[in-house]
Amino acid sequence: MPELPEVETVARSLRPNLIGLKITGVRNTWPRHIDRPVLAEFIDRVRDRTIMDVSRRGKFLIFPLDNEETLIIHLRMSGHLAVIHAQTPADKHTHTIFELANGQELRFRDTRKFGRVYLVSNHKDVVGKLGPEPLDKGFTVETLADILDGKSRLLKPFLLDQTMIAGIGNIYADEALFYAGLKPGRKTDTLDALEIKKLHEGIQYVLQLGIRREGATISTYLKPDGEKGSMQEDVKVFRRTGEPCFRCGEPIQRIILGGRSTHYCENCQK
DNA sequence: AAGAGACCCTGGATGC
DNA sequence: TGCATCCAGGGTCTCT
């Protein structure tokens, strides 16, 4: 599942292969892949535009174009992007293809079709409601305390809420809470200052580790080059239901919170 | 304000 | 073996 570290890995991989390249055409076999504008207009507006940069905001990939418009892609569950030669046969789950001026193509393969592509004049129309970037220098313990202030929510759904903090998904939420020693079902307004500090530390630790590990290949995620990430080797609780906690040996528990499976150690997390 | 549940999708796992 | 059913999971929406 692409979360912040996976999307960052994708952005870093694509950047040198896309910056300065012109999009000469778009092919699409599943129009709902294009969120906005409608497909025909999308193709018209993106054609002959040059990609100026590849960056990331939360779990969104951002491609500023040379006409002040912004191409945005969200991989959601099963999305995969790769820059490959136009002659390479496309697999059946490749629904959107950007033809590039150098004979290569940016291909968006998406088995479960949850991914979305946007073309907007103002990127804030898509990413404007996101919370802060948890790895930015400005994201301090005080920032986190300010976000938590006045709210009474369960920790797990809080971490998954992209308008609170951008980029955390199911894997890194569970891992951050294990690192912080906090139960996913704890209420945000019960945390003391030290626990907020540990939560801040846990969020940054697991996300940075995820980036160093180039993402977690737990179900389908692959880097643009088709290789696996290695974060799954450092996962402490996610999808380890019933297996012994690495810290205390007690079996890892699984519950549902915020509609998402949630994994934690009853003994190590308070 | 916050949370539960439905929905979108498909492949892989499970059940009979 | 083969078919039906269940499940995961990010984001968005509705309902309570």
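Chain naming here is simple, since letters A, B, ... match the order of the sequence lines and numbering starts at 1 in each.
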Side-chain N or O of A/K156 less than 4.0 angstrom from OP1 or OP2 on B/dA2?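 Checking A/K156 against B/dA2: no side-chain N or O falls below 4.0 Å of OP1 or OP2.
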
Would you tell me if any nitrogen or oxygen in the side chain of A/H93 comes within less than 4.0 Å of OP1 or OP2 on B/dC9? no

Nearest non-hydrogen partners of A/L135 and A/I211, listed with the distance: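 Answer, listing the atom of A/L135 first, then A/I211: CD1-CD1, 3.5 Å.
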
Please give, in whole Å, the distance from [N] [atom2] to [X] [atom1]?
X      : N     : atom1 : atom2 : answer
A/K187 : B/dG3 : NZ    : C1'   : 10 Å
A/M164 : B/dG3 : CE    : P     : 11 Å
A/D110 : B/dC9 : CG    : P     : 11 Å
A/L75  : B/dC9 : CG    : C1'   : 16 Å
A/R153 : B/dA4 : CZ    : P     : 10 Å
A/D189 : B/dA1 : CG    : P     : 15 Å
A/F158 : B/dG3 : CZ    : P     : 11 Å
A/K113 : B/dC9 : NZ    : P     : 7 Å

Around A/R15, counting heavy atoms of other residues, nucleotides and ligands shown, do more than 12 lie under 6.0 Å from its CZ?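 For A/R15, atom CZ is crowded (more than 12 foreign heavy atoms under 6.0 Å).
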
Around atom NZ of A/K236, are there more than 12 heavy atoms of other residues, nucleotides or ligands at under 6.0 Å? yes

Which part of the nucleic acid does A/R32 contact within heavy-atom distance under 4.0 Å: base, sugar-phosphate only, or nothing? sugar-phosphate

When all nucleic acid strands are considered with a 4.0 Å heavy-atom cut-off, which category describes A/K92: base, sugar-phosphate, or nothing? sugar-phosphate

Short N-O contact, A/E133 and A/R57, less than 4.0 angstrom: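 Looking at A/R57 together with A/E133, the answer is yes, because their closest N to O distance falls below 4.0 Å.
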
Residue pair A/D161 / A/T163, side-chain donor-acceptor N/O under 3.5 Å: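 Yes, because at least one side-chain N or O of A/D161 sits under 3.5 Å from a partner of the opposite role on A/T163.
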
Give a yes or no answer on whether the side chain of A/D136 reaches the backbone of A/F139 with a donor-acceptor pair at less than 3.5 Å.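 Absent.
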
Provide the start and end nucleotides, 5' to 3', of the part of DNA chain C that has atoms under 4.0 Å from heavy atoms of chain A. C/dA8 to C/dG11

Under 6.0 Å between the ring centres of A/H33 and A/F108?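 Yes, ring centres under 6.0 Å apart.
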
